[in-house]
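Just dropping this structure here.
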Amino acid sequence: MVITFPHLGSMYVFCKAIAETAGIPYILPPATSDRTREIGEFYTNESVCLPLKIILGNFIEALDAGADTIVMVGSGPPCRLGLYDRTIKIILDEQGYNYRWLTIPGIFNFQAFLQNHDETKELKKELSPLNIAKFPGAIFMGWRKMRWCEHLEQSAARKRAVAKQPLLVDQAYNRGMTAIDEAKSLRALSKNGKQAVREIEAIDETGIAPLRVVMVGEVYTVMEPTINLNIEKRLGYNGVEIHRSSYFSTHIRRGSRLDRTIIRQRNELMKLADPYLKYDVGAECNFSVAEAIQAAQQGYDGVVHVYPFSCMPETNAATVLSTVSTDYEIPVLGFALDRKDMGLRIDTQIEAFVDIMKMKKNREL
Amino acid sequence: MVYNVYLGVDVGSVTVKIVVMESTKSTILHSLYIRTHGNPIQAIRQGLAEVKQSGDYAILSAATTGSGRMLAAKLIGTELVKNEITTHTLAALAITPDVQTIFEIGGQDSKIIIVRNGLPIDFAMNTICAAGTGSFLDQQSGRLGVKVEDMGEMALMSQNPATISGRCTVFAETDMIHKQQIGISRNDIIAGLCKSLVRNYLATVARGKQILVPIFFQGGVAANKGIVREFEKQVKHPVQVSEHYAVTGAYGAAIYAGKSGPAQNPFTGFDLLENDYQINTFTCKKCEEECTVLKLMREGVLVSFWNDRCGKYSSGQP
Amino acid sequence: MRIGIPEELMAFKWMQWLTKQLSVHGEIEWVHRPSAANNTIMLSEGDACQPFKSMVRSGVALLGQVDVLLVPRLVKLDGQLMCPNFRALPDIIRLNINKVCPDQKNKLIDITIETSSDKESKALASSLIQKFFNKTLQPNLVNQEPIQESVLSSVGKEKFSAKTIALLGHPYLLENSRLNMGIIRQLKAYGYQVTTPKDLPFSDLDELAKKSDYYAKNNYWRSSRETLGAFYYYTTIKKPAGIIYLISFNCGVDALMRIELMGLHKKLDLDMPFMVLVGDEHTQQEHTATRLEAYLDIIDGI
């Protein structure tokens, strides 16, 4: 068995750590590149959301490199995320790939449990008793690594906006990510994680207060820099500190339904969006709207809304956000992402967005 | 007499615009509009040569804007670089301080900027094709055998604009060709093009924005009276076009230069005319980004690098 | 009382049933098409599919002609989910009304519809009758639709006439000649009969669609199940000369089902020609006509 999983946000760190700690051979798909996108586009069509294309590309590249078991997070209705696995399987079958599939339940319910039981029946036979015994520890290690990565991301986002030399932040961030990834024990992990954060915190600052912006939108697009074309970095280089609630660990906590705080927060956000959307449209639609309203109420300078082209819930969120922007007098910059060639346009729009926020804050041109 | 001036250079995808702005009253002393024909360095050079010849100027500082602003900044030796959305706004406000809406259609970009109480508060740029810009009109003028400058007048002569549709400019062209084949007049087709361009602009770039007067229309396409007429018809408000419609980006850059205080280094742009400049590129394979790194050479000697994502070349630490 | 419902929504059988129930309990004039197109540019429509944009625009345009604008929030029909756009529809219309004609905003009524059974349907109709006429639902007036017989067992017993083409796609596309690029008219002009899933009981199509379901991964959209089930029906039970799948550009639901059906067509190794036609407000007449003609040439065997 050689497993593989999507190269997405901090999710891959989670999966990689589990595989390593439990001693299961794995292949990490290559970092998302133009080739990954091309593969995804080739086997789908123009109205398919970008995350599906990229995940498909990841899997094909990994299968080509020798993986035979795909591990993927499951999800449900009402948006298309819930059908990713079904659609990807159809495409892989058509191309003649041989593979097995293991779903990490996105929602912990009985159907998911049954599916998991069915999938693991065969796979379990290929694991040694040692692998299986190491599982709980592996999951814990995976979780801790993922949390450290997210902590590092947040540190970097804060520092990038105020650093004298923002490039140093990314260099330190990359080093830190590698050190966290390579840690073989919980003790080493803690040491490396703390060291990485310290290095970032130590970078010299300009002393100029950053603009503060909340990023909202579809989950994979917000979490994965190669899908959102590194927007967090681009904004950071322009003196903007990015805040977001969407991290891979948040989604796991939410899906487990064990975390009461998150459930309560979500209910409050739904109420906040109620004047605009009286029903849960699905996925993050209402939450994108609610978090933008919250950002305005909490005095943030602006909102960035990122989502894949043709995403139904977020297309509706974008419509609503244009009204929210006027009603709450907060600049909202929206991007429907699909292709990489938007790079220069994104920079131009980000610069103008920053100018607008500055002018608003200083009340002058 | 020698004038103290600020220089604004707007390097777009199809044209280069330069404005020489007098420093105390901010009036435009000279402006140029040059087609790049795929060679921006040559166009910038040509522009600077014209500037030098047109008057006695002491250039206090310069700023660049447009999609080629980084290249221009390296060439003329300035640190002042400003995105074209903001520079267009600065220019519009200088011309009409109470402007509330700016339409801008250039060679390959179109934008809308919303201004309230003298400050820009919102904008949008065309993203997924569909808007139709200056380049499309250029291409079609060639195919129809008319001069692009004449298209406006020809559109005005039509009473019956054809309906041209198409999700992208290629399909719009298909529709146009078809209309020609069934015998619709050239004036009606050109008027139809204008109508379609404006309709697409309003439905995509301008969608959802609150359009209030005064409305300003800028960018090369503002020369086309057929388009201006269509805008007024479709938004049901008067649309103003200033005499400086073509160079507002460069004007805004000059204004920005003026606001930015004395230059860090003296202006060396005219140097460009004396020496041989070249841009070489190479692909850096040190990581999976595979950036196309640009090298500026003067007389065969390296001046600077740029376009590397991680900055290892441009920061001088390869 | 004049009640407006955008005509696209009337393509659903359930909506037709609902309006009938309301009509027998009170005096209603139904308005489905605005007399004048609404050309005000409203809120940004984003890259939504053409039918959605159309529904929003006609919703706002109908306001002036009616006393009540009824925009149901179609969450679930026949026990299966509808596209998420339907959940947002009344709110998007409301936001546009606030912008364009705020003085009329009280005319908008939205009612959430999640039906899986007759009992639920009756309850919904009942609440609307109460709301509009202050009456209770009269059971004896409730229109009983004739129960559609299951067609699953008719394998090989019936055939379509030789020149029949089956059309797949959302009901509001197939019923609306503006949205379906006039394809039904064109097919008839070529001498073909047209059949659509409208003639088949949804419960049968749902059953057929189960062939592709598996644990925790049923295709959960009503329209997808209808399309998939109909595809199975037309390829295994009662076969037409060909199948055409009509899709609106940027319909997310169909984008995935398109991949599934093309894969299925290859897998089943069928003799029957299958074509996907993507269209929207930018699609030109020649575009559709050329493809249709070529497709029919293949079927006719030229």
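Per chain, numbering begins at 1; letters A, B, ... match sequence-line order.
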Inset, instruction - Could you check which of Ser212(C), Cys251(C), Gly263(C) has the highest count of heavy-atom pairs closer than 4.5 Å to chain A? - result: Ser212(C)

Legend entry - chain C contact via Thr315(A) - which portion, at a heavy-atom distance below 4.5 Å: side chain

Inset, instruction - With a 4.5 angstrom heavy-atom cut-off, could you sort out which part of Val75(C) is near chain A: side chain, backbone, both or neither? - result: side chain

Legend entry - Pair Asp213(C)-Arg86(A), salt bridge (Lys or Arg N to Asp or Glu O under 4.0 Å): steps then yes or no: CA-CA 9 Å; Asp213(C) 285 338; Arg86(A) 180 167 160 149; 3.0 Å; yes

Inset, instruction - Measure the CD1-CG distance between Ile90(A) and Leu264(C) for me, rounded to the nearest 0.5 Å. - result: 8.0 Å

Inset, instruction - In plain terms, say whether Lys266(C) and Glu94(A) are close enough for a salt bridge, that is, a side-chain N and a carboxylate O under 4.0 Å apart. - result: yes

Legend entry - From Val48(A), Ile88(A), Leu83(A), residue fulfilling side-chain contact (heavy atoms from CB on, under 4.5 Å) relative to Ile259(C): Val48(A)

Legend entry - Neighbour count >12 (heavy atoms, 6.0 Å) for atom CD, Glu329(A): no

Inset, instruction - Side chain from CB out, backbone as N, CA, C, O: work out which of these in Ser224(C) comes under 4.5 Å of a heavy atom of chain A, or both, or neither. - result: neither

Inset, instruction - Check whether any side-chain heavy atom of Asn316(A) sits under 4.5 Å from a side-chain heavy atom of Ile92(C), and report yes or no. - result: yes

Inset, instruction - Taking all non-hydrogen atoms of both residues into account, name the closest pair between Asp91(C) and Tyr279(A) and its distance. - result: OD2-N, 4.1 Å

Legend entry - Met262(C) atom CE, neighbour heavy-atom count above 12 within 6.0 Å: no

Legend entry - Non-neighbouring partners of Phe353(A) that pass ring-ring contact (aromatic ring centres under 6.0 Å, His included), sequence neighbours left out: none

Inset, instruction - Show the numbers, then the answer: is there a side chain to side chain contact (heavy atoms under 4.5 Å, CB included) between Leu256(C) and Tyr84(A)? - result: CA-CA 9 Å; Leu256(C) 295 189; Tyr84(A) 274 17; 5.5 Å; no

Legend entry - Neighbour count >12 (heavy atoms, 6.0 Å) for atom CG, Asn98(A): no

Inset, instruction - Let me know if Ile91(A) has heavy atoms under 4.5 Å from chain C in its side chain, its backbone, both or neither. - result: side chain

Inset, instruction - Look up atom OG1 in Thr87(A) and atom CZ in Arg258(C), then write down how far apart they are to the nearest 0.5 Å. - result: 13.5 Å

Legend entry - Leading residue by heavy atom contact count with chain C [cutoff under 4.5 Å; candidates Asp280(A), Asp93(A), Leu321(A)]: Asp280(A)

Legend entry - Arg80(A) versus Ala255(C), closest heavy-atom pair with distance: NH1-CB, 3.8 Å

Inset, instruction - Report, as yes or no, whether the 6.0 Å neighbourhood of atom NZ on Lys131(C) holds more than 12 heavy atoms from other residues, nucleotides or ligands. - result: no

Legend entry - Neighbour count >12 (heavy atoms, 6.0 Å) for atom NZ, Lys278(A): yes

Legend entry - Phe42(A) atom CZ, neighbour heavy-atom count above 12 within 6.0 Å: no

Inset, instruction - Can you establish whether the number of heavy atoms outside Asp103(C) located under 6.0 Å from its atom CG is more than 12? - result: yes

Legend entry - Interface moiety of Thr44(A) toward chain C, non-hydrogen atoms closer than 4.5 Å: both

Legend entry - Phe249(C) and Glu46(A), any side-chain heavy atoms less than 4.5 Å apart: yes

Legend entry - Interface residues of residues 77-87 of chain C facing chain A - non-hydrogen atoms under 4.5 Å apart: Leu81(C), Cys83(C), Pro84(C), Asn85(C), Arg87(C)

Inset, instruction - Kindly check if the number of other-residue, nucleotide or ligand heavy atoms within 6.0 Å of NZ (Lys107(C)) is above 12? - result: yes

Inset, instruction - Determine the sole option in Val278(C), Asn250(C), Val253(C), Asp254(C) for which the side-chain contact (heavy atoms from CB on, under 4.5 Å) test with Ser47(A) is passed. - result: Asn250(C)

Legend entry - Which portion of Asn219(C) sits near chain A, non-hydrogen atoms under 4.5 angstrom: both

